[in-house]
2 protein chains.
Amino acid sequence: MPTIQDVAKHAGVSVATVSRVLNNPSSVAELTRKKVELSIQELDYSPNILGRNLRNAKSRMLLVLLPKISNQFYLKIVEGIEEKALEYGYNILLCQTHSKLEREKVYFDLLKNQLAAGAITMDPTIDRKTLINIAKRYPFVQCSEYVNAKNLPYVTIDSELAAYQVTKYLLKQGHQRIGLINVSEYFLYARDRKKGYLRALEEFHIEPEEGWFYSANDVSLESGQQVMRSLLNKKQDLTAVFAVSDMLAIGALKELNTRGIDVPNEMAVVGFDKIEFTSITYPSLTTVAQPMYKMGEISVDMLIKKIQGEKVEDIVLEHELIIREST
Amino acid sequence: MPTIQDVAKHAGVSVATVSRVLNNPSSVAELTRKKVELSIQELDYSPNILGRNLRNAKSRMLLVLLPKISNQFYLKIVEGIEEKALEYGYNILLCQTHSKLEREKVYFDLLKNQLAAGAITMDPTIDRKTLINIAKRYPFVQCSEYVNAKNLPYVTIDSELAAYQVTKYLLKQGHQRIGLINVSEYFLYARDRKKGYLRALEEFHIEPEEGWFYSANDVSLESGQQVMRSLLNKKQDLTAVFAVSDMLAIGALKELNTRGIDVPNEMAVVGFDKIEFTSITYPSLTTVAQPMYKMGEISVDMLIKKIQGEKVEDIVLEHELIIREST
DNA sequence: CTGAAAGCGCTAACAG
DNA sequence: CTGTTAGCGCTTTCAG
């Protein structure tokens with residue numbers, strides 16, 4: 001790689017002039033500029049981002065931290081983020097944390113080192129205190145899953161309410177014994193959705209039994225299938241299940257289909273998120289639509305504001321119950 | 001962020017010593033080391049990657065360039081890449097190129113600027129000549145889709161053969177009129193799979209008609225559905241279709257289900273890749289399994305070798321025909 | 001309008 | 001074993 005020095009020498013000017021041509025062309029005489037531009041072309045020079053960022057202490061990259069891209073839920077969010085980021089002239093870097101602290105730390109270091117101008121996280125694993133500290137110094141926004149604290153802005157939906165509504169819908173359909181396929185209650189959305197589910201049951205004076213609760217190891221088709229398997233083996237006479245994620249619901253559906261259990265007549269199933277594949281399952285899946293794309297766009301808006309030093313408010317977006325064939 | 005200077009001052013040593021503690025601890029006296037480590041802790045210092053890379057001209061990041069994460073095909077590859085990279089002590093950065101040159105260039109710049117030690121690309125858009133030039137200077141490996149040239153190592157499967165086999169399988173099942181749902185023939189795999197399809201037809205003395213060929217705008221469920229729609233509207237009396245990607249096949253399946261067309265009796269469908277969702281479609285999808293995870297692992301092996309200056313050979317992996325209910 | 005020079009944070013050669 | 005110092009590639013005063 002040629003450096004700015006090489007270009008300067010080749011064009012017979014100083015490095016400062018080359019730098020000016022790069023960053024503020026109008027401050028350089030027409031003739032000099034042409035000369036420099038020609039040299040840049042001939043040498044196929046492109047500025048070294050490290051040197052530049054080191055000096056400027058800023059970059060045009062945004063970090064996007066998510067647990068795993070295998071969860072379709074993040075797809076549309078990332079699309080929204082990318083589109084919006086591009087509008088602002090930023091590029092994004094996708095980072096899988098696997099909800100593991102060590103991995104997350106590597107990416108936070110990128111942020112600390114000015115390799116990225118800011119970060120959007122969809123699943124903060126790091127402890128609350130450290131997170132607050134990081135957010136104090138670096139532009140930082142939470143999307144979907146979040147930690148509630150001052151100065152840690154987030155965009156999300158009302159999970160508790162959505163879960164309440166979807167459970168109530170099942171109850172109104174006449175279901176009396178409704179299972180819950182959840183994930184680790186380490187996650188806020190898991191706790192919230194469980195709360196909503198319980199609130200609906202309570203309203204209908206139904207006391208949930210212990211055998212109604214299931215927890216998946218992770219958010220994947222396979223885990224969904226596995227949970228449904230153990231659920232069926234327990235013979236709890238459930239007539240419906242509410243899975244807190246479409247991935248789990250689709251996995252569950254697969255197990256039901258394999259066993260020849262009729263959905264929705266023998267077992268109704270609802271999911272959460274409205275990922276694309278929910279429309280092609282058999283039967284198509286009733287679910288709660290999250291405004292994923294919009295969430296992505298908004299998190300970028302918020303992040304850019306943060307970068308520019310403005311204040312940003314938390315945002316809670318609307319969800320929507322999508323009723324289809326599985327109920 | 002505290003710098004190495006701050007740590008040095010705080011510990012009462014020189015920056016060189018701090019640097020040594022960081023990079024070669026055994027070369028520092030026990031006592032001095034402890035002192036420095038304490039200061040590092042107290043100041044919550046972590047080295048600036050930019051400064052380090054700028055100096056070292058190397059990093060521990062690998063770039064992974066793919067068109068879009070929404071194509072499930074890349075999922076398992078990325079998993080394989082990530083697992084293996086971690087073994088070698090590298091982290092990965094996911095970059096979506098959308099098969100667009102401008103975006104790809106941004107990421108190649110990261111490579112040029114030593115922000116990453118090397119790159120794996122799954123879809124080179126850049127022109128052949130430039131690519132060869134880049135590969136001359138920077139560690140670079142192709143996975144799945146590739147450009148055939150010296151010094152541009154790749155790992156892939158034999159697409160032509162796989163397509164030939166799957167088409168032959170359909171022919172043996174008695175299908176006489178088999179449609180092809182392809183993507184732009186700009187892509188090598190599109191050309192290869194078409195070739196294989198044509199070779200099988202020829203072997204059975206079947207002359208394909210013009211109305212048998214369809215091209216999707218991109219690789220997505222929606223495009224698959226759209227193509228199937230126009231295919232059905234054309235009334236070509238096809239009894240089977242071969243889609244060059246599972247995403248397209250699943251989209252096609254959706255359209256068939258919507259119209260109440262019986263699969264496989266009225267229309268057989270085969271896909272390509274064996275992404276996870278092919279097992280939960282209705283009916284489950286016949287497809288060609290690619291060893292995605294392994295491809296990911298191998299590309300990292302190759303890349304690390306490249307980084308270490310060793311020679312690497314191209315690799316063609318085995319595929320497998322997975323027969324399920326859609327045929 | 002242009003050049004000289006300092007310095008961003010770090011590592012490595014060189015002295016001691 | 002430790003400190004001094006040059007320099008990675010770049011931008012930005014400060015002079016001219």
Side-chain angles (χ1 to χ4, degrees), chain A residues 1-40 43-61 109-117 137-138, chain B residues 1-40 43-61 109-117 137-138:
Chain A
M1 282 293 284
T3 72
I4 199 171
Q5 319 270 2
D6 300 329
V7 178
K9 206 174 294 170
H10 187 271
V13 298
S14 75
V15 292
T17 303
V18 180
S19 176
R20 284 190 198 101
V21 171
L22 257 26
N23 299 291
N24 186 14
S26 62
S27 72
V28 180
E30 172 89 25
L31 211 78
T32 328
R33 199 176 63 228
K34 290 274 184 229
K35 238 179 6 184
V36 173
E37 281 166 351
L38 198 71
S39 296
I40 288 178
L43 298 181
D44 186 26
Y45 166 77
S46 65
N48 182 308
I49 304 180
L50 276 80
R52 176 176 281 181
N53 290 2
L54 184 56
R55 182 59 221 233
N56 282 346
K58 68 181 162 194
S59 92
R60 297 295 281 185
M61 283 275 180
D109 276 347
L110 296 186
L111 193 61
K112 288 189 193 165
N113 293 326
Q114 334 278 14
L115 255 172
R137 306 199 207 169
Y138 310 101
Chain B
M1 280 294 286
T3 73
I4 198 170
Q5 319 269 3
D6 301 328
V7 178
K9 205 173 295 171
H10 187 272
V13 299
S14 74
V15 292
T17 303
V18 179
S19 177
R20 283 190 199 101
V21 171
L22 255 29
N23 300 292
N24 186 14
S26 63
S27 73
V28 179
E30 172 89 23
L31 211 77
T32 327
R33 198 176 63 229
K34 291 272 184 232
K35 239 182 1 186
V36 172
E37 281 167 350
L38 198 71
S39 297
I40 289 179
L43 299 181
D44 186 26
Y45 165 77
S46 66
N48 181 310
I49 304 180
L50 275 80
R52 178 178 279 181
N53 290 2
L54 184 57
R55 180 61 221 231
N56 282 346
K58 67 182 163 194
S59 91
R60 298 295 281 184
M61 283 278 181
D109 277 347
L110 296 186
L111 194 61
K112 288 189 193 164
N113 293 326
Q114 335 278 13
L115 256 171
R137 305 199 208 169
Y138 310 99

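No experiment lies behind these values; they were computed from the predicted model shown. Each chain gets a letter, A, B and so on, in the order its sequence line appears, and its residues count up from 1. In what follows, every heavy atom counts, from backbone to side chain, and hydrogens, waters and symmetry copies are set aside.
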A/L110 CG to B/L50 CG distance, which is reported to the nearest 0.5 Å: 9.5 Å
Interatomic distance, A/L54 atom CG to B/I49 atom CD1 [nearest 0.5 angstrom]: 12.5 Å
Residue pairs, two or more places apart or on separate chains, that pass salt bridge (charged side-chain N to carboxylate O under 4.0 Å, His left out) and touch residues 3-25 of chain B: none
Salt bridge (charged side-chain N to carboxylate O under 4.0 Å, His left out) pairs, two or more places apart, involving residues 22-31 of chain B: B/E30-B/R33, B/E30-B/K34
Nucleotide range of DNA chain C lying under 4.0 Å from chain A heavy atoms: C/dC1 to C/dG9
Interatomic distance, A/N56 atom CG to A/N23 atom CG [nearest 0.5 angstrom]: 7.5 Å
Those residues of residues 29-37 of chain A lying under 4.0 Å from DNA chain D by at least one heavy atom: none
Shortest non-hydrogen separation from B/L111 to B/A117 and the atoms involved: CD1-C, 4.3 Å
A/H10 and A/L43, any side-chain heavy atoms less than 4.5 Å apart: yes
Residue list, side-chain hydrogen bond (donor to acceptor under 3.5 Å, both in side chains) with B/D109, at least two apart or on another chain: none
Stretch residues 47-55 of chain A: residues that reach within less than 4.0 Å of DNA chain C through a heavy atom: A/L54, A/R55
Derivation of the side chain to side chain contact (heavy atoms under 4.5 Å, CB included) call for B/L115 and B/S59: CA-CA 6 Å; B/L115 256 171; B/S59 91; 5.7 Å; no
Pairs flagged by salt bridge (charged side-chain N to carboxylate O under 4.0 Å, His left out) wherever residues 43-54 of chain A is involved - sequence neighbours left out: none
B/Y45 OH to A/K112 NZ distance, which is reported to the nearest 0.5 Å: 11.0 Å
The helix from C/dC1-D/dG16 to C/dG16-D/dC1: angle between end helix axes, five pairs per end, rounded to 10 degrees: 40°
Residue met sooner reading DNA chain C from 5', once B/R20 and B/S46 are mapped to nucleotides: B/S46
Check against side chain to side chain contact (heavy atoms under 4.5 Å, CB included), B/I4 and B/S19: CA-CA 8 Å; B/I4 198 170; B/S19 177; 4.0 Å; yes
By side chain to side chain contact (heavy atoms under 4.5 Å, CB included) - contacts of A/V13 (at least two apart): A/A11, A/T17, A/V18, A/T32, A/K35, A/V36
Steps toward side chain to side chain contact (heavy atoms under 4.5 Å, CB included) verdict (B/V7, B/V21): CA-CA 11 Å; B/V7 178; B/V21 171; over 6 Å; no
Bounds of contact between DNA chain D and chain B, in 5' to 3' order, using a heavy-atom cut-off under 4.0 Å: D/dC1 to D/dG9
Residue-level proximity of residues 4-16 of chain A to DNA chain C when a heavy atom falls under 4.0 Å: A/V13, A/S14, A/A16
Sugar-phosphate, base or nothing in reach of A/T17, heavy atoms under 4.0 Å: sugar-phosphate
Contacts of A/N24 that satisfy side chain to side chain contact (heavy atoms under 4.5 Å, CB included) - sequence neighbours left out: A/S26, A/S27
